[in-house]
Amino acid sequence: MSAEQTSTLPQYPEKATLEGRNKFLGLWFFLGGETALFATLFGTYLGLRNSTAGGPTAQELFSLPLVFIMTVILLVSSLTSVLAVMAMRRKDMKGIIRWFIVTVILGLSFLGLEIYEFYEYTHAGLRWSESAFASAFYTLLGTHGAHVAFGCGWITALIVRNFRRPLDTYNAPKFYLASLYWHFIDVVWVFIFSLVYLLGVI
Amino acid sequence: MVEENKELINSKLTLEEEIEYKSEMKLQLISFVMMIILTIIAFVAVASDFISPLFKALFVLVMAGIQFVFQLYVFMHLGQKNHEFPTIAIWTGFVVALLCIVSLAALIW
């Protein structure tokens, strides 16, 4: 019986095997490195944010309502990936899949809004090569957006691969790490909306 | 009592696990609501006309710092046991990040 099989799973299936624990450590070290990557982009942006070379400035462009909606979407997607990990505590594979699907949908809608935002800015005259401010802005936001896109692809691959499989100590670490990565994307966004958008319009 | 037992068997968790799950869930939901509130406060503060720009900037930075800690320690479970190395990794990354941002901001003019 499959119910009996799942009931023998340990409480923390993602850390039950050496492989799972190694992946867990590896991902955290990776996130430490990612922090440094984003730091270089943040530092560049903060240094160049007033170098607009006569082009549009941050104050003219940024619309806070749109950024607020994007922030809430990403924050809610962070919650849904937490709920997926909570479903893992209940050994509920259907719940994990369901919450990760919601996470991917929210991630994609965030990306859609970001593309719309870039489209608007481009039409307002802020092209990538317009000014140092434009280059730094698009590189920082684009790198974050690429991380969101990668996360969506990663989680989608996990969902497709494990759609009809039971939860076990082999796929539990994969789901857990995807959720950690997703939270990290949200952490970076917290600093983007604070340092780029909110400080940009003050 | 019998019904309660049945529920526990169905959810495939022992009583201790069930209690731990409930308190963990509560913590996650509370911190989510906290983060939403912090975000709204930060946006409202920036949009208001009554606060000086310097204070707004400091306020936004403090809000971001609080959210950062909430994300790491609650959503990413950094506060749970067996997270010594992840703690070292992420805070080392954070210190490097701070140094990097300060030096870049100082170098560019």
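Below, chains carry the letters A, B, ... as their sequence lines are ordered, and counting in each starts from 1. As the structure is a computational prediction, the values presented were derived from the model and not from experiment.
- In this structure, no portion of A:Tyr181 lies under 4.5 Å from any heavy atom of chain B.
- Ranked by heavy-atom pairs shorter than 4.5 Å toward chain B, the options A:Phe193, A:Phe42, A:Trp182, A:Phe184 are led by A:Phe193.
- Comparing A:Val190, A:Leu79, A:Thr35 by how many heavy-atom pairs each has under 4.5 Å with chain B, the most go to A:Leu79.
- Counting heavy-atom pairs closer than 4.5 Å to chain B, the top-ranked of the candidates A:Leu41, A:Val67, A:Leu46 is A:Val67.
- At a 4.5 Å heavy-atom cutoff, the contact between A:Leu25 and chain B is made by side-chain atoms alone.
- No more than 12 heavy atoms of other residues, nucleotides or ligands lie within 6.0 Å of CZ in A:Arg161, so this atom counts as exposed by the packing criterion.
- Within the 4.5 Å cutoff, the side chain of A:Leu180 has no heavy atoms near those of the B:Phe75 side chain.
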_A:Gln11 vs B:Glu20, side chain to side chain contact (heavy atoms under 4.5 Å, CB included): CA-CA, chis, key distance, verdict_ = CA-CA 11 Å; A:Gln11 195 190 358; B:Glu20 210 182 309; 3.4 Å; yes
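- Contact between A:Ser194 and B:Ala64 at its shortest, heavy atoms only, is OG-CB, 3.3 Å.
- Distance check: B:Leu29 CG to A:Met86 CE gives 8.0 Å after rounding to the nearest 0.5 Å.
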*Does the pair A:Tyr12 and B:His77 meet the rule for a ring-ring contact (aromatic ring centres under 6.0 Å, His included), with working shown?*
CA-CA 12 Å; A:Tyr12 295 99; B:His77 315 108; 8.8 Å; no
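- Proximity to chain A involves both the backbone and the side chain of B:Ile40, based on heavy atoms less than 4.5 angstrom apart.
- Residues B:Phe70 and A:His183 place their aromatic rings such that the two centres sit no closer than 6.0 Å.
- Looking at B:Glu18 and A:Arg90, their side chains come closer than 4.5 Å, going by heavy atoms from C-beta outward.
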*Yes or no on side chain to side chain contact (heavy atoms under 4.5 Å, CB included) for B:Gln71 and A:Ser78, after CA distance, side-chain angles and deciding distance?*
CA-CA 9 Å; B:Gln71 279 275 358; A:Ser78 216; 3.6 Å; yes
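- With B:Met76 as the partner, the side chain to side chain contact (heavy atoms under 4.5 Å, CB included) test is satisfied by one option alone out of A:Val85, A:Val82, A:Leu31: A:Leu31.
- Proximity to chain B is limited to the side chain of A:Tyr176, based on heavy atoms less than 4.5 angstrom apart.
- Rounded to the nearest 0.5 angstrom, A:Thr71 OG1 and B:Phe43 CZ are separated by 4.0 Å.
- Atom OG1 of B:Thr39 sits about 7.0 Å away from atom CZ of A:Phe68, to the nearest 0.5 Å.
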*Step by step, would you call B:Ile108 with A:Leu48 a side chain to side chain contact (heavy atoms under 4.5 Å, CB included)?*
CA-CA 7 Å; B:Ile108 303 168; A:Leu48 296 172; 3.5 Å; yes
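- Residue B:Val60 touches chain A through both its backbone and its side chain, counting heavy-atom pairs closer than 4.5 Å.
- The CZ atom of A:Phe29 lies 8.5 Å from the OG1 atom of B:Thr92; values are rounded to the nearest 0.5 Å.
- Of all heavy-atom pairs between A:Ala36 and B:Val96, the closest is CB-CG1, 4.2 Å.
- At a threshold of 4.5 Å between non-hydrogen side-chain atoms, the residues B:Phe32 and A:Leu75 count as touching.
- Minimum interatomic distance between A:Ile202 and B:Ala57 (heavy atoms only, all atoms of both residues): CD1-N, 3.7 Å.
- Here B:His83 and A:Phe24 bring their ring centres to under 6.0 angstrom of each other.
- Contacts between A:Phe191 and chain B at a heavy-atom distance below 4.5 Å involve the side chain alone, from C-beta outward.
- Heavy-atom minimum distance, A:Trp28 versus B:Ala89: O-CB, 3.8 Å.
- Put simply, CD1 on B:Ile101 and CG on A:Leu195 are 7.0 Å apart, with the number rounded to the nearest 0.5 Å.
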*asked:* Please determine whether side chain to side chain contact (heavy atoms under 4.5 Å, CB included) holds for the pair A:Lys91 and B:Glu17, giving the CA-CA distance in whole Å, both sets of side-chain angles, and the decisive distance to 0.1 Å.
replied: CA-CA 11 Å; A:Lys91 286 106 182 171; B:Glu17 286 172 346; 3.8 Å; yes
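- Within 6.0 Å of atom CH2 in A:Trp99, 12 or fewer heavy atoms from other residues, nucleotides or ligands are found, so the atom counts as exposed in its surroundings.
- With a 4.5 Å cut-off on non-hydrogen atoms, A:Leu83 touches chain B through its side chain but not through its backbone.
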